[in-house]
Amino acid sequence: MYALVDGNNFYVSCERVFRPSLVGRPVVVLSNNDGCAIARSNEARALGVAMGVPWFEIEHLAESSGLVALSANFALYGDMSDRMMSLAAGMGPEQEIYSIDESFIDLDGVRGCLAERGHKVRDRILQWVGIPCCVGIGTTKTLAKLANYIAKTAERKPGSYPASLAQVCNLAALTPSALQAVLAATEVREVWGVGRRIEAQLKEGGIHTALDLARLDPAMVRRRWSVVLERTVRELQGLACIALELAPARKREIACTRSFGHPVTHLADLGEAVTEFASRAAHKVRQQGSLAGQVLVFIRTSPFRQQAQYSRSISMPLRRPSADTGVLVAAALRGLRAIYRPGYELARAGVMLLELQPSTVLQGELELQQESAAPQRARLMTAIDDLNQRYGRSTVVMASAGLAGDRRVWTMKQERRTPAYTTCWADMPVARA
DNA sequence: TCTGGGGTCCTAGGACCC
DNA sequence: TCTGGGGTCCTAGGACCC
């Protein structure tokens with residue numbers, strides 16, 4: 001038996017904790033570069049704001065309907081997430097943190113009424129952290145996910161489901177006929193693992209609801225679609241196929257990519273951006289104790305604009321795997337020079353580290369030239385990471401990153417950013433008597 | 001004028017081997 | 001006229017997730 005604890009409109013809820021005046025108002029949080037809406041309050045949703053819609057298309061709602069837009073503040077959301085997760089863990093013996101606002105809890109061995117327990121955890125998170133959550137419970141992760149959707153929808157849209165399922169929904173406690181009714185009232189698109197493409201194919205075959213999907217023959221689903229969708233069907237039928245993942249797996253690739261605040265045409269500016277992206281990726285790869293075997297760098301124009309398009313990437317194999325910022329930045333810059341062509345208005349670039357492997361199994365190599373500088377370089381990286389941790393992210397950077405500030409054309413737009421209330425002393429909220 | 005970022009898994013098809 | 005069978009590895013692309 002599994003529970004899924006999931007924050008409601010998580011980014012918006014984080015912002016509302018520190019700006020209670022936003023409660024009850026239509027609010028969206030924008031992606032990096034203030035591009036698209038990536039979170040929306042129920043009030044914004046009611047205005048017809050779709051997930052992922054570009055800001056410029058809904059900006060008029062600010063004037064006409066009081067829609068408030070905020071730039072994404074990931075430092076805040078990450079910290080609020082840690083607080084919420086530590087309380088959600090109280091639901092059962094094991095927890096898998098699945099995303100910034102969701103965790104699966106294993107309920108094996110938990111006694112008593114599960115829904116009651118879910119309400120207690122929900123109340124505690126609301127009171128101690130300030131984030132409203134919903135809890136879904138089911139015999140498989142897919143059913144717990146669906147239960148969570150039902151708990152949220154029943155709360156937001158009275159009448160869509162029985163009111164008793166709002167906020168906390170335990171599908172395993174329903175009678176078979178009640179369960180069927182609930183599944184029949186749920187669009188197939190809401191099932192975890194069914195995206196737009198598969199939804200269209202299913203609907204063509206007359207499969208419209210979660211109940212329709214649950215009634216398919218798994219073997220047929222495998223033949224016609226894939227083992228992935230077959231697993232989904234079996235999970236809907238109550239057979240657990242997807243296990244809880246307790247320790248986050250080591251990432252197999254690590255990326256840092258950004259859209260630019262303004263179009264970039266000069267190699268010098270691109271070099272600064274690529275240096276920063278490679279440096280950040282290098283830091284991430286060190287954090288997880290890995291080395292990269294290849295560095296991929298790409299640049300591209302905006303596919304949304306009517307202009308000459310250019311999109312290229314190149315993969316640079318390293319002579320030996322590395323997590324050294326100097327090595328990775330140099331490779332990325334070599335790649336950049338190889339793919340750069342003047343005359344294009346570039347909108348985006350990125351660096352990906354591939355062929356990651358644990359740093360503990362570094363293959364030995366004959367040292368033909370001189371004594372290895374590796375230990376000193378590793379200590380240097382640790383020192384840089386420590387300094388940046390202590391004094392701020394860009395305290396020590398590679399010279400090719402250029403000087404931060406006014407001259408940079410490429411840094412992303414963040415015009416509506418709220419303070420880092422919980423992670424920066426200078427931004428701490430002040431209470432007045 | 002303005003359109004995010006970071007991942008995973010699976011499959012099909014090509015290259016290559018004996 | 002007639003042109004095998006079986007296997008592995010790699011990559012690109014599709015689909016999904018939040």
Side-chain angles (χ1 to χ4, degrees), chain A residues 4 6-11 28-40 49-60 62 69-74 77-78 81 96-104 141-142 145 148-149 188-202 221-232 241-242 245 248-263 277 280-281 284-285 288 293-294 296 298 300-307 313 315 317 345 347-356 411-416:
Chain A
L4 179 70
D6 186 341
N8 300 355
N9 314 324
F10 184 67
Y11 297 165
V28 292
V29 170
L30 302 178
S31 63
N32 274 340
N33 228 17
D34 292 346
C36 307
I38 55 171
R40 68 229 212 271
V49 174
M51 210 55 158
V53 71
W55 168 238
F56 69 87
E57 287 180 11
I58 52 173
E59 197 172 355
H60 63 276
L70 301 170
S71 302
N73 182 347
F74 291 112
Y77 311 149
S81 171
E96 170 189 345
I97 295 175
Y98 175 68
S99 74
I100 194 163
D101 69 333
E102 294 169 87
S103 66
F104 287 103
K141 286 167 84 174
T142 302
K145 220 29 189 147
N148 191 282
Y149 166 78
V188 73
R189 174 69 172 90
E190 306 303 338
V191 175
W192 191 34
V194 177
R196 265 224 297 281
R197 295 299 179 91
I198 290 177
E199 178 196 23
Q201 294 163 11
L202 287 170
V221 171
R222 179 175 200 149
R223 277 197 307 276
R224 181 147 166 216
W225 282 277
S226 66
V227 293
V228 183
L229 193 63
E230 179 198 8
R231 267 200 295 265
T232 298
C241 304
I242 305 173
E245 285 172 30
R250 248 177 224 270
K251 291 191 197 325
R252 302 152 58 91
E253 47 191 70
I254 283 175
C256 183
T257 73
R258 291 279 179 283
S259 296
F260 299 133
H262 302 278
F277 302 159
R280 288 208 188 171
K284 288 191 214 173
V285 90
Q288 78 156 18
Q294 287 207 36
L296 180 146
F298 74 84
R300 60 180 297 183
T301 50
S302 169
F304 300 107
R305 297 177 55 156
Q306 304 289 324
Q307 60 182 19
S313 69
S315 206
E345 300 214 317
R348 184 178 170 80
V351 171
M352 299 172 76
L353 303 182
L354 312 173
E355 286 180 9
L356 302 190
T411 44
M412 64 188 176
K413 215 162 43 177
Q414 285 187 314
E415 291 169 351
R416 307 149 184 277

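Numbers restart at 1 for each chain; the letters A, B, ... are given by sequence-line order, proteins then strands. Since the model is a prediction, treat every value here as computed from it, not as a measurement.
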If you check the [X] side chain, which of [options] turns out closest?
| X | options | answer |
| --- | --- | --- |
| A:Lys284 | B:dG7, B:dG4, C:dC17 | B:dG7 |
| A:Lys251 | B:dT8, B:dG4, C:dC16 | B:dT8 |
| A:Arg197 | B:dG4, C:dA15, C:dC17 | C:dA15 |
| A:Phe56 | B:dC2, B:dG7, B:dT8 | B:dC2 |
| A:Ser226 | B:dT3, B:dT11, C:dC17 | B:dT11 |
| A:Val227 | B:dC10, C:dC18, B:dG4 | B:dC10 |
| A:Arg258 | B:dC10, B:dT8, B:dG6 | B:dG6 |
| A:Arg231 | B:dG7, B:dC10, B:dG4 | B:dC10 |
| A:Ser31 | C:dC18, B:dG4, B:dT8 | B:dG4 |

Inset, instruction - Can you label the angle between the A:Trp192 ring and the A:Tyr98 ring as parallel, tilted or perpendicular, going by 30° and 60°? - result: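 Plane angle over 60°, so perpendicular.
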When we call it a touch if two heavy atoms are under 4.0 Å apart, what does [X] touch: a base, just sugar-phosphate, or nothing?
| X | answer |
| --- | --- |
| A:Val53 | nothing |
| A:Leu30 | nothing |
| A:Glu59 | nothing |
| A:Ile198 | sugar-phosphate |
| A:Asp34 | nothing |

Inset, instruction - Please check the phosphate of C:dC18 (OP1 and OP2 only) for any side-chain N or O of A:Lys145 closer than 4.0 Å. - result: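 For C:dC18, OP1 or OP2 has a side-chain N or O of A:Lys145 closer than 4.0 Å.
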Legend entry - Under 4.0 angstrom between A:Thr257 side-chain N/O and B:dG6 OP1 or OP2: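 Answer yes for this pair, as a side-chain N or O of A:Thr257 is under 4.0 Å from OP1 or OP2.
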Legend entry - Heavy atoms of other groups near A:Arg252 CZ, more than 12 under 6.0 Å: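 It does not: A:Arg252 CZ has 12 such atoms or fewer within range.
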Inset, instruction - Can you establish whether the number of heavy atoms outside A:Arg416 located under 6.0 Å from its atom CZ is more than 12? - result: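 Yes.
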Inset, instruction - Considering non-hydrogen atoms only, spot the tightest contact between A:Leu354 and A:Ser315 and give its length. - result: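 Heavy atoms only, the tightest pair is CD1-OG, 4.1 Å.
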Could you give the [atom1]-to-[atom2] distance, from [X] to [N], as a whole number of Å?
| X | N | atom1 | atom2 | result |
| --- | --- | --- | --- | --- |
| A:Ile58 | B:dG4 | CD1 | C1' | 14 Å |
| A:Glu345 | B:dT1 | CD | P | 12 Å |
| A:Ile100 | C:dC17 | CD1 | C1' | 15 Å |
| A:Gln306 | B:dT3 | CD | P | 13 Å |

Inset, instruction - Find the partner of B:dC18: check Watson-Crick (N1-N3 plus N6-O4 or O6-N4) and G-U wobble (N1-O2, O6-N3) distances, both under 3.5 Å, and reply none if neither fits. - result: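 The answer is C:dG5, by the H-bond criterion.
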Legend entry - Short side-chain donor-acceptor distance under 3.5 Å, A:Asp101 and A:Ser99: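 Note: A:Ser99 and A:Asp101 side chains meet the donor-acceptor criterion.
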